[in-house]
Q: 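This is the structure I want to talk about, given as structure tokens.
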Amino acid sequence: MRIYLDNAATTPLDPEVFEAMKPFMLEDFGNPSSTHAHGRKVRAAIESARKKIGELLNCTAGEIIFTSGGTEADNAILVSAINTYKVKTVISSPIEHHAVEHTLSVLAKQGLIKLRMVNLDAKGHVELDHLQSLLKENDNALVSLMHANNEVGNLLDIERVGALCDEYKAYFHSDTVQTVGHYQHDLQKIKVHGMTAAAHKFHGPKGTGFMFIRKDKKIQPFVHGGAQERSMRGGTENVYGIIGLAKALEIAYRDMHEHIDYVKGLKSRMIEKLRETIPGISFHGDSGNLTNSLYTVLNVSVPESEENDMLLFNLDLQGISASGGSACSSGAAQGSHVLGALYPESKRGAVRFSFSKYNKPEDIDVAVKVLSELYKVPAQL
Ligand SMILES: Cc1ncc(COP(=O)(O)O)c(C=O)c1O
């Protein structure tokens, strides 16, 4: 049996979510924009999914716009907010997901914005004093900082950053793809203007997500077309994706406390066992810290060794699916831009293990055993 420890890349679909989606794949196939009964039934289901998400995040249903996932939502908010508010300076960090990093570098290359990078501390956390001084120097800025880093798991104090952006009247976008469905977001407390989610990160279907756009900070549409999504995102809706997304979020909130306890338990088990078995082991970013990082992600830093290059390949051969960095570029030979930014000189190996409710404590024990054997006994391939 293979062991799946790459849940930051994507999670398996919850069978309860699949059951909720099934009728919309078979019987309820109408186009939600059609005004006849087939269409109206599906429209009503989409609107109740939107309402449910709004209730869970403590925002209005109208502030939720469905998209094809996290990447589209990040692109839409960044491009459209910059355009709508005539933003000239964007403050971001070098460890954002490519959905943000590449979007901003394209805009900077086109001469549309000036990019300012916030300083990170030794563990990769945003230095809030530096953020404040950048905000002071740059009027009408847009701040784009992720709530949790998908590679090293570092958590941002999103409430503090929201309050700072509010003080300096900056637009605040946060990529919350790794935290929606894993933490509670109270959007009456968090002063974010635009944030993003992808259902497949919390046991929902792939290819569906949403953006939250605060109602008093509207932006122009990014995808032009029909009047779907209140004219904010043209195109026939991914109906069963949206139904699955809302169901997955509902389950996530229903089970949040026990889910956190259980998954955090898996992570701390792995930290302990790795410390016992591999001398010199450490953890990239702040992922070894259970409070300041995602409970779903552990980025293991193994001491320099010749077999480090083959680590992931060998783990895979031994039946363990893990990742070296961002899953969105898995298969690509290039190293992680996040680890490159945090540890430019390091020759240590990196394995990102990420956990879900479907992992068992035994999965952790097997993964630690395999990693320690691979590390001690170089693979003879
Ligand atoms: C932090 C973060 N942002 C954005 C994305 C992109 O989301 P999607 O795959 O839904 O486009 C991911 C996916 O790995 C992610 O981890």
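Sequential numbering from 1 along the given sequence is applied to the chain's residues. Just so you know, ligand 1 is whichever comes first in the structure, and atom 1 is the first atom listed for that ligand. All heavy atoms count here, side chains included; hydrogens, waters and symmetry mates do not.
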Q: For the 3.5 Å polar cut-off, considering only N or O atoms, please tell me whether S68 and ligand 1 meet it.
A: no

Q: Can you say whether the rings of F29 and H38 are parallel (under 30°), tilted (30 to 60°) or perpendicular (over 60°)?
A: tilted

Q: Compute whether any side-chain donor of one residue and acceptor of the other, for N154 and N149, lie under 3.5 angstrom apart.
A: no

Q: Within the 4.0 Å heavy-atom shell around M146, which atoms of ligand 1 are there?
A: 1 (C)

Q: Nearest 0.5 Å, please: how far is OG in S354 from CG in L298?
A: 9.5 Å

Q: Using a 4.0 Å cutoff against the non-hydrogen atoms of A198, which atoms of ligand 1 qualify?
A: 10 (O)

Q: Drop me the distance from Y262's OH to K360's NZ, to the nearest 0.5 angstrom.
A: 7.5 Å

Q: Check E127 with R160, please: is the shortest side-chain N to carboxylate O separation under 4.0 Å?
A: no

Q: Can you confirm whether the side chains of Q220 and S80 place a donor and an acceptor under 3.5 Å from each other?
A: no

Q: Should you measure from each heavy atom of T71, which atoms of ligand 1 turn up under 4.0 Å away?
A: 6 (C), 7 (O), 8 (P), 11 (O)

Q: I'd like to check which ligand 1 atoms, numbered from 1 as shown, lie under 4.0 Å from a non-hydrogen atom of G69.
A: 10 (O)

Q: Looking at ligand 1, does any of its N/O atoms fall within less than 3.5 Å of an N/O of K201?
A: yes

Q: Measuring from the heavy atoms of H200, does anything fall under 4.0 Å of ligand 1?
A: yes

Q: Check whether any N or O atom of A8, backbone or side chain, sits under 3.5 Å from an N or O atom of ligand 1, and answer yes or no.
A: no

